[in-house]
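Scroll down for the structure; my scribbles are underneath it.
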Amino acid sequence: MYTMRLSRYFLPVLKENPADAQIVSHRLMLRAGMIKQASAGIYSWLPLGFKVLRKLEDIIHEEQIRAGHIPIQMPTMQSADLWRESGRYDDYGQEMLRVKDRHDRDLLFSPTAEELVTDIFRAHVGSYKDLPLTLYQIQWKFRDEIRPRFGVMRGREFYMKDGYNFDLTKEDALHAYNRHLVSYLRTYERMGLQAIPMRADSGPIGGEDTHEFLVLADTGESEVFYDSKVTDLTFGDRAIDYDDRAQCQAILDEFTSLYARTDETHDEAVFNQIPEDRRRVARGIEVGQIFYFGTKYSEPLNAAVTDPTGAKTPVHMGSHGIGVSRLIGALIEANHDDNGIIWPEGVTPFHCGIVNLKQGDAEADAACDALYKSLTALGLEPLYDDREERAGAKFATMDLIGLPWRITVGPRGLKNGVVEVTSRRTGVSEEMPPEQAVEKIAKIYANL
RNA sequence: CGGGCUAUAGCGCAGUCUGGUAGCGCGUCCGUCUGGGGGACGGGAGGUCGUAGGUUCGAAUCCUGCUAGCCCGACCA
């Protein structure tokens, strides 16, 4: 169990804006004590940031496993040999960090893992009976960006979910593609984000079919064009059977048939067929991408299975990524105000804050302790601000770190038997007895 | 990689032009008063001025090299 009393926690908040942070998410992550820059584009994750990272990771694992995908973990340092085999060692360019070990062998810090996962596959899978198979990992990656910027949104070291499907036929692989699209829709929605799948460019991964998921934000790096009706689409709590091909296909069609493209694939003529009042030009942050690339890696790397007729056939593959660390930046870009972050309930580092307005007041202290115990007994994680600080400082800290709910406890309210429950997002406060406040918070998180 | 800029206390900055041995705000520590939106007063701690060399009686300040970081551009999840 974490220490959830602020007096004993490690939350190095900053009152002033660090000079190097340009965009709001970077500023707020530094000010809220979530990260500390270690060098250009490389960050240490402090307790609050680390907690959010873990929450995102948990959601991703749950949704991937629900879709039938299997978690593994591959190394960050990889031998250049495999990359020479696929031809990408030379293709990848300066973005790939190359290192030599003591024996003068070429190593690299993995920017992605198609080669390695294909090597695992070819070593252990030989029959169509072992298909379909989708392996994924959540692991640190490195791309030696020419110019890292915007904090974790464009770092050099980043945390990423990357998954790889292996299928016997193109049809099977396209179902895997659809399955990923659906699972990603669910994943982002649970995080409180609207990420719109847009037709994209395949870039260095290569391939035929690809969609990027974009979160709309003014600070986004890509220009996007879409039909305003796409933002009305929500996945909601509809039941999904990932083995049901027709259902997965229908959901893909529903979410990708309206016009939504990045500037790379934008087609002015097609765009202009949308009724004028529905045409939108905006900016977006890319938080994920899915690819179908057929036998691009399986052929050169010789990843083949025996099909039912006894013939060897290269497997059809796809890969799929979610930028986990940059998602935190995207979440903040999409959820903040002048006072700080506003976490969606699904990803908040603590479920609520408890603010003791008069530390040292016997009744206030006792009421806060009781609230803290009741909430933790229900499996919730409150952050209790028990510091010897004035009310204003405590409010400012709570607003900055963005916990969605705050329970305010002071002598004045306690005299009437009530505490105050405040929504960070709306600012609306309600007075109620402490037990009722606990119930209210528990109810909010009951379905998450 | 091209163009621009910066480096002085944990954070934000002044001091550099005109050389004389470092200062402000915030934070931090101690004390008192406070107690519903970053409170007040008093007292303290904290800096090889990025680094190496040079000029000088004397360098944060002038000169040179190096390193790190930031911004714009090209590139990218």
How far, in whole Å, is B:G35 from B:G20 if one measures between their C1' atoms?
-> 49 Å
Counting Watson-Crick and G-U wobble pairs only, both distances under 3.5 Å, name the nucleotide matched with B:A9, or none.
-> none
Partner nucleotide of B:G2 by Watson-Crick or wobble geometry (both distances under 3.5 Å) | B:C72
Length of the CG-C1' vector between A:Asn17 and B:C13, whole Å = 14 Å
Pairwise C1' distance, B:A59 and B:G54 [rounded to whole Å] = 11 Å
Neighbour count above 12 (heavy atom, 6.0 Å) for A:Glu254 CD = yes
Under the 3.5 Å rule, do the base of B:C76 and the side chain of A:Arg154 count as making a donor-acceptor pair?
-> yes
Send over the distance from A:Glu95 CD to B:A74 P, rounded to a whole Å.
-> 15 Å
Which one is paired to B:U16, where only Watson-Crick or G-U wobble pairs with both distances under 3.5 angstrom count?
-> none
Validate the cation-pi geometry between A:Arg5 and A:Tyr372: distance from NZ or CZ to the six-membered ring centre under 6.0 Å, angle to the ring axis within 45°.
-> yes
Interatomic distance, A:Tyr92 OH vs B:C75 C1' [rounded to whole Å] | 12 Å
Scanning all shown strands, the Watson-Crick or wobble mate of B:G35 with both distances under 3.5 Å is none
For A:Phe255, what residues pass the ring-ring contact (aromatic ring centres under 6.0 Å, His included) criterion, not counting sequence neighbours?
-> none
Specify whether A:Trp83 and A:Tyr92 have parallel, tilted or perpendicular ring planes, treating 30° as the upper limit for parallel and 60° as the lower limit for perpendicular.
-> perpendicular
Within 45° cone and under 6.0 Å: A:Lys141 NZ/CZ vs A:Phe109 ring = no
Please state how far atom CD in A:Glu145 lies from atom P in B:C1, giving the value in whole angstrom units.
-> 15 Å
Answer with base, sugar-phosphate or nothing: what part of the nucleic acid does A:Gly155 contact at a heavy-atom distance below 4.0 Å?
-> base
Ion pair A:Arg31/A:Glu16, N-O distance below 4.0 Å | no
A:Glu223 CD to B:C76 C1': how many Å, rounded?
-> 17 Å
Considering only NZ, NE, NH1 and NH2 on the basic side and carboxylate oxygens on the acidic side, decide whether A:Glu57 and A:Lys161 come within less than 4.0 Å.
-> no
Mind checking what makes ring-ring contact (aromatic ring centres under 6.0 Å, His included) contact with A:Tyr188, not counting sequence neighbours?
-> A:Phe213
Could you check which residues of residues 58-79 of chain A get a heavy atom under 4.0 Å from RNA chain B? Sort them by number, please.
-> none
Please measure how far the P atom in B:C62 lies from the corresponding atom in B:U18, and state the result in whole Å.
-> 9 Å
Pairwise P distance for B:G43 and B:C71, with rounding to whole Å = 42 Å
What does nucleotides 31-40 of chain B look like as a protein-contact string, B for base, S for sugar-phosphate only, - for none, at under 4.0 angstrom between heavy atoms?
-> ---BBBBBB-
Test side-chain hydrogen bond (donor to acceptor under 3.5 Å, both in side chains) applied to A:Gln359 and A:Arg387, A:Glu388, A:Lys394, the passing residue = A:Lys394
For B:G42, which nucleotide is its Watson-Crick or G-U wobble mate, given both distances must be under 3.5 Å?
-> B:C30
From the options A:Asp167, A:Asp209, A:Val182, select the one residue that forms a side chain to side chain contact (heavy atoms under 4.5 Å, CB included) with A:Tyr177.
-> A:Asp209
Can you list the residues that meet the side-chain contact (heavy atoms from CB on, under 4.5 Å) rule with A:Glu430, with sequence neighbours excluded?
-> A:Met432, A:Lys440
Could you give the distance separating B:C29 and B:A9 at their C1' atoms, to the nearest angstrom?
-> 15 Å
Among A:Lys296, A:His180, A:Glu114, side-chain hydrogen bond (donor to acceptor under 3.5 Å, both in side chains) partner for A:Ser319 = A:Glu114
As its Watson-Crick or G-U partner within any shown strand, both distances under 3.5 Å, B:U21 has none
Within 45 degrees of the axis of the six-membered ring of A:Tyr89 and under 6.0 Å from its centre: does A:Arg98 put its NZ or CZ there?
-> yes
With rounding to whole Å, what would you report as the distance between B:G3 and B:G65 at their P atoms?
-> 15 Å
Mind calculating the distance between CD (A:Glu16) and P (B:C26) to the nearest angstrom?
-> 9 Å
Quote, to the nearest angstrom, the P distance that separates B:U51 from B:A60.
-> 11 Å
Go ahead and name the base partner of B:U55; Watson-Crick or wobble counts if both distances stay under 3.5 Å, otherwise write none.
-> none
Atom C1', compared across B:U16 and B:C11: separation rounded to whole Å = 22 Å
Return the polar atom pairs (N/O with N/O) between nucleotides 70-73 of chain B and the protein under 3.5 Å, or none.
unit_1: B:C70; atom_1: OP1; unit_2: A:Gln37; atom_2: NE2; d: 3.3
unit_1: B:C71; atom_1: OP2; unit_2: A:Arg147; atom_2: NH1; d: 3.2
unit_1: B:C72; atom_1: OP2; unit_2: A:Arg147; atom_2: NH1; d: 3.1
unit_1: B:C72; atom_1: OP2; unit_2: A:Arg147; atom_2: NH2; d: 2.5

